[in-house]
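Let me begin by handing over the structure; questions about it come next.
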Protein chains: 2
Amino acid sequence: MTKPTPPDPRRTLTLRDVSEASGVSEMTVSRVLRNRGDVSETTRERVLQAARRLGYVPNKIAGALASQRVNLVGVIIPSMSNMVFPEVMMGISETLEDTGLQPVVGITNYLPEREESVLYEMLSWRPSGVIIAGLEHTEAARAMLETAGIPIVEIMDIDGDPVDSAVGISHRRAGLQMAEAIIAAGYRRIGFLGTKMPDDHRARKRLEGFREGLGRAGITLADEEYYAGGSALQKGREMTEAILTRTPDLDFLYYSNDMIGAGGLLWCLAQGIDVPGRLGLAGFNGVELLDGLPRRLATMDACRREIGIHAAEIIAGKRPSGVIGGERIELFPTLQPGDTIRKA
Amino acid sequence: MTKPTPPDPRRTLTLRDVSEASGVSEMTVSRVLRNRGDVSETTRERVLQAARRLGYVPNKIAGALASQRVNLVGVIIPSMSNMVFPEVMMGISETLEDTGLQPVVGITNYLPEREESVLYEMLSWRPSGVIIAGLEHTEAARAMLETAGIPIVEIMDIDGDPVDSAVGISHRRAGLQMAEAIIAAGYRRIGFLGTKMPDDHRARKRLEGFREGLGRAGITLADEEYYAGGSALQKGREMTEAILTRTPDLDFLYYSNDMIGAGGLLWCLAQGIDVPGRLGLAGFNGVELLDGLPRRLATMDACRREIGIHAAEIIAGKRPSGVIGGERIELFPTLQPGDTIRKA
DNA sequence: GACAATCCTGATAGCGCTAACATTAGCAGG
DNA sequence: CCTGCTAATGTTAGCGCTATCAGGATTGTC
């Protein structure tokens, strides 16, 4: 007869180990570790001590399978590199903090197929909810979202038709409002500088709205310039130089984000261009990062943190409304005129 | 007699559903979906079609439990807001891409207890490996890392004693080198500007190394200034003004990161201070974000992307060395003198 | 003292999948 | 037509936990 269980120190611990070490059933250990059900103070203490001594770390995989409950929330965003999504994340984390839910992030790089595969991967872990940027998805992705049977919140944008809930701003309106403000300030020869990103639908909608705003005043864009990749600040300089060289009589430049706008602003200041007198500038996003620039760029904040907060509230089921799903929350960005638009 | 299984459309699908829909056993379906084992082309096609038609998404929780294999790699970092960790993440993602492994990020905000709980949470999902920033952890965290039985890579820093593998630079040496360069350029009255962060051990080590470098030349720091929170660019301006007001004869400012350094640089330029003649400046990190500034700040890049790449290679077991664990990879940052240090 | 109520603990049966082995089909060679 | 193989598929037994229900103590009530 051999020893029944040669105690292998390398094997990872299970409930059984803690149960044996503390002389109670696995079930009781489980109860103690999850603070569920009544357990006497004595056994609770004994179990906790054993668990600590052994260095037991519960296996959530097994737990999730058995309980059909997963404390994870999938968050799918296009990028992490431009401060806008990190801020959304902060709103989400902060709100989820006291709910026991934990965000898990996936990055798509603005690629629809990548979004689809990231979503598939996430859903295969059966999260309690999904927060996903944008309203445009592949057909398959949309189908997955619809049949997942969990709360879905599409964020950032509300110009479209959400699968379930949506929290965001109208980028069309944001563009339109900016156009109105620019025209009201008396600018007429207007250029646009943006990214080459067919799948950045929000940037596209802002430009559409912007064009419409100009159109209402009988104006069309005088010139456009696009970039891809590289340091945004640097690109902003280069593009600004390029567009002003090509079309010197421009009196306003609308940038699709604050970072290239800041690059443009620095370039203009270095050239001694009179901003906002001779040339006005505006960006989009209101990134705090840039607060220390010599002059404040006109911009429009995208309510990033609030979006994160509301989205997380919906997932966590702590909306005041008590509504269960299909919410649609529109936030309204405010124009921050800064120092780069003439006072009307 | 009633229908055996009233087909509930709301229930989430399992292998059994696909198996019934395609007329083969669950095992065969499993094999098809994982591309494992021999399956005839005909059944493979039939199964895939059924899975697609039903919109089946496998349950990785069950899969992981059964196979004792999880394709997740935990990545624990202090912050996402200052571009340094996003770049590390890119290196990691890129390297993990073709390995089937998937990074899952946890943020600690430089709080040791938070690091401990994030680690505990992560380990409870039994990842295939953990990449964690820094060499300093709570006692409990270190114990968990040691007994987890998976590859651990501590990144960013190598001035210390790793649990398993480590990839990083010597921040002590980085600070020391910068001190040497500054002294060689003839600066003597040197100020330091940094963050109030007792748990940012890397910043601390840089400062220690910097002090030592100065000390070797018989110099001590002439003044110091610290901040917490807020827009780094903005804080850089404010702190620079403050320190120069207090100690006007400083001829060099060493910033603990590029962002506050950039703020300082912009402020100095606006004040018309002769940089680098009258006053030299240097930061740390080499953030590409700032490439478009009017003048390039002297800095030292921290090899962020490379660190991510190497760490991921270790986890994925694709190091050329073939070594299995306990690797120690030191990278060497290069000084980028930029335009804010006098040529010696 | 019988009975119910309350508290605490344990036994049992899965959760949805995969490892490992068992079985069957298909086919070449004698 | 049987043996001996390989290729394709199926069967069985868990993975480590938790939901659920079933007790055994202990207490209180009439």
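Convention: sequence-line order gives letters A, B, ...; per-chain numbering from 1.
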Can you tell me how far P of C/dC17 sits from CZ of B/Arg126, to the nearest Å? 21 Å
Could you tell me whether the side chain of A/Val153 reaches within less than 4.5 Å of the side chain of A/Glu327, counting heavy atoms only? no
Tell me whether A/Ser19 contacts the main-chain N or O of A/Ser25 through its side chain, where contact means a donor paired with an acceptor under 3.5 Å.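 Judged by distance alone, no pair lies under 3.5 Å.
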First and last nt of DNA chain D near chain B, cut-off under 4.0 Å to heavy atoms, 5' to 3', are D/dA8 to D/dG16
Using side-chain heavy atoms (C-beta onward) and a distance below 4.5 Å, is A/Leu145 in contact with A/His137?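 Sidechains of A/His137 and A/Leu145: in contact.
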Could you check if a side-chain atom of B/His310 sits within less than 4.5 angstrom of a side-chain atom of B/Leu331, using non-hydrogen atoms only?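 The answer is yes, as the side chains (C-beta and beyond) meet within the 4.5 Å cut-off.
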Students often get this wrong, so: under 4.0 angstrom with heavy atoms, is A/Asn59 touching a base, only sugar-phosphate, or nothing?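 The residue A/Asn59 makes sugar-phosphate contact but no base contact.
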For A/Met80 and B/Met80, run side chain to side chain contact (heavy atoms under 4.5 Å, CB included): C-alpha distance rounded to whole Å, both residues' side-chain angles, the deciding distance at 0.1 Å, then the answer. CA-CA 8 Å; A/Met80 223 30 178; B/Met80 220 36 176; 3.6 Å; yes
Proximity to DNA chain D (any heavy atom under 4.0 Å), residues of residues 24-35 of chain A only: A/Met27, A/Ser30, A/Arg34
Using atom NZ of B/Lys60 as one end and atom P of C/dT18 as the other, report the distance to the nearest whole Å.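 Whole-Å distance recorded here is 10 Å.
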Measuring only between side-chain heavy atoms, which start at C-beta, is B/Ile61 closer than 4.5 Å to A/Lys60?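 Side-chain contact under 4.5 Å: no.
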In sequence, state the C-alpha distance, the side-chain angles, and the governing distance for B/Arg142 and B/Asp161, and then conclude on salt bridge (charged side-chain N to carboxylate O under 4.0 Å, His left out). CA-CA 11 Å; B/Arg142 196 167 219 278; B/Asp161 179 29; 3.8 Å; yes
Roughly, in whole Å, what's the span from CG in A/Leu15 to P in C/dA11? 14 Å
Specify the residues of residues 66-73 of chain A, ordered by number, for which at least one heavy atom lies under 4.0 angstrom from an atom of DNA chain C. A/Ala66, A/Gln68
Check the pair A/Arg44, A/Asn35 against side chain to side chain contact (heavy atoms under 4.5 Å, CB included), reporting the backbone distance first and the verdict last. CA-CA 9 Å; A/Arg44 146 171 262 88; A/Asn35 289 313; 2.7 Å; yes
Residue that, paired with B/Ile77, satisfies side chain to side chain contact (heavy atoms under 4.5 Å, CB included) out of B/Val84, B/Val105, B/Ile132: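 So the option named by the test is B/Val105.
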Looking at A/Ser40, I'd like to know whether one of its side-chain N or O atoms comes within less than 4.0 Å of OP1 or OP2 on C/dC7.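 For A/Ser40, the contact criterion (side-chain N or O under 4.0 Å from OP1 or OP2 of C/dC7) is not met.
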Mind grabbing the angle between the end helix axes of the helix from C/dG1-D/dC30 to C/dG30-D/dC1? Five pairs an end, 10° rounding. 50°
Between residues 44-56 of chain B and DNA chain D, which residues have a heavy-atom gap below 4.0 Å? none
According to salt bridge (charged side-chain N to carboxylate O under 4.0 Å, His left out), does anything in residues 92-104 of chain B pair up with another residue at least two apart or in another chain? List the pairs. A/Arg114-B/Glu97, B/Glu94-B/Arg305, B/Asp98-B/Lys318
Interatomic distance where CZ belongs to B/Arg36 and P belongs to C/dT18 [whole Å]: 9 Å
Between the side chains of B/Glu116 and B/Thr138, does any donor sit under 3.5 Å from an acceptor?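 On atom types as modelled, these side chains qualify, holding a pair under 3.5 Å.
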Measure from CD1 on A/Ile61 to P on C/dT18 and round the result to the nearest Å. 13 Å
Of B/Leu65 and B/Gly23, the one whose nearest nucleotide on DNA chain D sits closer to the 5' end is B/Gly23
Return the 5'-most residue of the pair B/Thr43, B/Ala62 with respect to DNA chain D, ranking by each residue's nearest nucleotide.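 Of the two residues, B/Thr43 wins.
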Report yes or no: does A/Ser30 contribute a side-chain atom to a donor-acceptor pair with the main-chain N or O of A/Glu26 at less than 3.5 Å?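 A pair under 3.5 Å: no.
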Check whether any side-chain N or O of A/Asp17 sits under 3.5 Å from a backbone N or O of A/Thr14 as a donor-acceptor pair, and report yes or no. yes
Applying side chain to side chain contact (heavy atoms under 4.5 Å, CB included), run through B/Ile150 and B/Leu123 and close with a yes or a no. CA-CA 10 Å; B/Ile150 53 175; B/Leu123 290 180; 4.0 Å; yes
How about A/Val70 and B/Trp125: do any of their side-chain heavy atoms sit closer than 4.5 Å? yes
Closest non-hydrogen contact found for B/Asp164 with B/Ile152 is OD2-N, 3.0 Å
